[in-house]
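Please read these numbers as outputs of a predicted model, since none were measured by experiment.
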Amino acid sequence: MAASKWHILASIFLDSGTEFVSGNEVHLAISSPAESRIYEGRALAFGTIERSITSPIGLPSISDAKIRLADTDFKLRTLLAHQTPRRRMLSLKIVEDGTSESAVEPSYTGEIGTPEYGPGYVDIPFKDRTFAWIDETIPNRITRANFPDLPQGIDEAFLPYIFGRVESHPDNPQGVIELPRLSASRFGLAAHTVFDVIAIYRKLPGEGASTIVDPGDFDVTVEATNLDGVSTDCTFIDFLLDQDEGTEVRADVAGLDSRPAWGTLPAIVSGGSPAGELRNPIDTFINISFMLLTKFGGEANFDTDHIIEIREQFETVITAPSGALPYLCDGAVTESITGRALLGRFLPCFQLDMFQDRGGLIDLNFTFEEDAGRPVFSDGQDIEQDSFFESGAGPTFNQIRFRYMLTNATGEWAGSELFDNDDDQATLGEIEPDIVDLFFVRDFATAQDVIARRASFLALGSYRQEFVVPFPEVKDELELAAQVGLSTPWGLETGGYSNREAKILGITVDLDTLKATVRTILRVPQEVIPPVLIDSGEITFDMTFDGEATGTLIS
Amino acid sequence: MAGFTAYSMNGVDWVPLPRGPRFAGTFGEREQIDLELVTGRGVRWIYRLFDRDNADLTFRFPSDEKADFRMMHDLADGKAIPFYFTLDYTASPLVAIYARKEAGFKPVILSQASDPVIYEYNLKLTGEISPDSVEE
């Protein structure tokens with residue numbers, strides 16, 4: 001096999017123009033000779049880039065990066081002395097010698113930080129900004145500037161965002177969402193249009209419980225409202241009569257019934273077709289992203305095709321005796337919260353991984369079932385000698401109390417169930433409990449299915465692996481959350497692993513050695529056999545070896 | 001090849017050295033630096049970082065020729081400036097390498113008893129990397 005040659009090509013977008021650098025001089029032949037580009041061979045080191053997702057589901061992580069450039073000729077110092085590189089962009093591409101540079105997506109794009117200057121070199125740090133928009137805060141939109149008639153005692157409040165069908169438990173009809181008061185007769189329902197107001201509840205001062213309000217006593221009003229300079233259709237409850245001071249009003253709502261166009265998905269207009277509140281979790285994700293990006297004032301690039309596939313999967317994801325059931329997203333945002341916190345609550349509700357894919361796009365993943373066509377990494381072909389390590393599972397939980405049907409007004413959960421991994425409990429001999437709050441789930445079937453999938457990565461047999469592979473050979477197969485096969489004699493299985501399916505949790509690429517360290521977790525936990533207790537007090541482990549020996553361990 | 005060994009700062013104008021190198025040196029030896037990853041079953045993945053042509057030549061000359069070698073060092077500013085070097089600047093085709101010499105100029109006195117004094121000088125040349133290319 002002939003030695004291949006790979007170039008790391010860096011483009012540094014400065015105000016003075018773009019600087020092109022690499023580890024050696026690389027000529028880029030463009031069809032117009034006048035535009036031909038030369039990457040100067042002044043990169044001394046490119047360092048490592050790390051991307052990861054978490055298990056259990058959480059938010060993605062992308063490391064900062066740094067390149068070291070030779071500056072013995074003072075070229076960079078001269079360039080940077082009188083301009084700032086901060087917040088300008090830098091991108092890296094990994095291109096095989098002699099192949100097309102434009103056919104390769106950047107492996108990393110980041111925003112330049114503060115350079116450091118050493119003797120004969122410059123270190124340029126850069127930070128990925130793919131997820132900068134999730135740090136936006138959904139603000140309290142109810143202020144005296146936006147609503148001049150706010151009653152005394154209120155300076156600001158939050159106008160809710162309501163997704164799906166948010167309805168009280170039938171045994172406790174008190175209303176899920178408390179509505180902020182805007183005037184003597186007006187209460188704020190939502191910072192958007194809604195499909196239907198299911199019920200309004202009112203608790204007068206001195207009353208112990210809420211009662212349903214006759215629909216004839218109020219109007220549901222949709223008004224274009226100026227929120228921080230942006231005109232937005234908001235929904236209000238206008239009582240025909242002024243309400244006493246101290247009156248508490250709550251609502252059950254069929255929420256957002258609109259969504260912007262998304263990739264190949266057409267826009268859904270409120271009151272249009274299909275009618276109804278949007279309950280597919282991906283529709284909620286699209287709306288949340290749109291809301292945060294509008295506040296952020298920037299754009300983000302999503303892998304819309306793949307996310308739309310997940311949307312379709314969610315329509316029939318739950319296997320039930322009566323037939324396939326969908327995941328239903330039902331929940332509300334009723335307090336000022338950052339996008340990071342919001343997504344941190346939302347994503348685990350549907351076992352959704354969110355990450356930046358190798359093409360630089362924001363993508364989601366749902367680990368649905370076995371991937372029979374998964375790429376295989378093996379000792380024989382890819383996994384570097386002495387690099388395969390495996391560790392026992394951690395964290396592990398064999399009992400999960402999952403709470404759903406949040407009553408936002410009180411912070412209490414109307415639904416609370418237990419998921420037990422009986423085998424793991426018997427094996428371990430003790431309960432390892434966890435509590436999971438499903439803020440955007442009110443449907444039991446959805447909750448149950450999500451928790452079962454979550455638990456499959458928290459079992460005693462949820463072993464984790466780490467190994468090194470040659471990055472150029474496998475870069476098109478390495479993707480966060482992807483399912484891959486592992487074949488190695490060192491796997492924790494009799495005879496090792498043979499195409500054992502695992503999910504990629506992290507990828508660290510060393511650009512100077514062209515090695516990728518990959519971290520994975522078994523998709524289906526290894527069976528850990530519980531002991532069988534017999535009357536005599538002996539504990540028998542029934543294990544089969546290459547022969548057919550069974551053993552009895554005398555306790 | 002006494003008298004034909006030469007250097008050039010621009011690849012056109014050759015400056016011959018007073019004499020050629022002694023035997024047992026190397027010229028145009030190919031150095032290859034690779035990244036190597038070996039799998040558990042011995043499969044090797046080799047990534048070429050670069051290859052270059054080097055030379056390791058020994059000259060022995062009397063003291064009255066030392067200035068010619070010193071001039072080569074001065075023009076190259078030691079290691080700082082690469083230049084062209086050939087064992088025969090009259091050959092066709094010309095075989096030359098584009099390289100940097102070692103830092104410093106350190107001829108060693110072999111014999112002070114003789115007149116003139118005899119020096120031995122080890123010239124190490126490390127080839128410059130040729131540019132690579134990618135398509136648009």
Side-chain angles (χ1 to χ4, degrees), chain A residues 1-7 9 22-32 35-41 72-73 93 95-104 377-388 467-474 487-490 496 510 512-516, chain B residues 8-12 28-55 72-85 96-105 124-136:
Chain A
M1 181 182 318
S4 59
K5 199 171 189 181
W6 294 80
H7 307 291
L9 305 179
S22 181
N24 58 307
E25 184 174 308
V26 179
H27 293 203
L28 174 63
I30 297 182
S31 49
S32 161
E35 294 178 21
S36 286
R37 185 189 304 164
I38 295 178
Y39 289 82
E40 269 194 289
T72 52
D73 57 355
K93 283 191 179 185
V95 183
E96 188 169 11
D97 188 46
T99 64
S100 169
E101 180 265 355
S102 62
V104 174
F377 297 120
S378 70
D379 251 28
Q381 189 65 19
D382 326 274
I383 300 175
E384 186 182 38
Q385 204 172 59
D386 300 330
S387 76
F388 185 87
F467 52 93
V468 176
V469 288
F471 180 66
E473 308 309 319
V474 301
S487 291
T488 170
W490 301 111
D510 186 327
D512 298 314
T513 64
L514 295 180
K515 293 182 183 179
Chain B
S8 169
M9 302 310 294
N10 58 14
V12 176
E29 63 172 16
R30 192 77 168 168
E31 180 186 14
Q32 288 180 329
I33 302 295
D34 299 327
L35 292 173
E36 183 172 323
L37 182 147
V38 183
T39 73
R41 301 290 174 88
V43 173
R44 295 198 215 188
W45 296 96
I46 308 291
Y47 303 109
R48 177 66 36 78
L49 288 179
F50 57 86
D51 39 29
R52 57 188 174 193
D53 292 323
N54 301 330
M72 179 177 65
H73 162 80
D74 289 341
L75 287 174
D77 192 10
K79 211 178 194 179
I81 303 173
F83 58 96
Y84 296 89
F85 190 92
I97 62 174
Y98 184 59
R100 295 173 193 259
K101 65 178 291 294
E102 78 285 358
F105 177 60
K124 289 191 190 302
L125 297 172
T126 307
E128 284 289 271
I129 309 298
S130 301
D132 291 299
S133 67
V134 291
E135 296 171 8
E136 187 176 357

Undergrad: Tell me every residue that passes side-chain contact (heavy atoms from CB on, under 4.5 Å) with B:Asp51, counting only those two or more places apart in sequence or in another chain.
TA: B:Arg30, B:Gln32, B:Arg48

Undergrad: With a 4.5 Å cut-off on heavy-atom pairs, point out which of A:Leu9, A:Val26, A:Asp512 contacts chain B the most.
TA: A:Val26

Undergrad: What residues, two or more places apart in sequence or in another chain, satisfy ring pair (Phe, Tyr, Trp, His ring centres under 6.0 Å) together with B:Phe85?
TA: none

Undergrad: For the residue pair B:Tyr84 and B:Tyr98, categorise the inter-ring angle as parallel (less than 30°), tilted (30 to 60°) or perpendicular (more than 60°).
TA: tilted

Undergrad: Counting only non-hydrogen atoms closer than 4.5 Å, does A:Glu96 touch chain B with its backbone (N, CA, C, O), its side chain (CB onward), both, or neither?
TA: backbone

Undergrad: Between A:Asn24 and chain B, with a heavy-atom cut-off of 4.5 Å, which part of the residue counts as in contact: side chain, backbone, both or neither?
TA: side chain

Undergrad: For A:Ile383, is it the side chain, the backbone, both or neither that has a heavy atom under 4.5 Å from a heavy atom of chain B?
TA: backbone

Undergrad: Relative to chain A, which segment of B:Leu35 carries a heavy atom at a distance below 4.5 Å: side chain, backbone, both, or neither?
TA: side chain

Undergrad: For the atom pair OG (A:Ser378) and CZ (A:Phe467), what is the distance rounded to the nearest 0.5 Å?
TA: 10.5 Å

Undergrad: Considering only heavy atoms, which portion of A:Thr99 lies under 4.5 Å from any heavy atom of chain B: side chain, backbone, both, or neither?
TA: backbone

Undergrad: Between B:Thr39 (side chain) and A:Asp379 (backbone), is there a donor-acceptor pair under 3.5 Å?
TA: yes

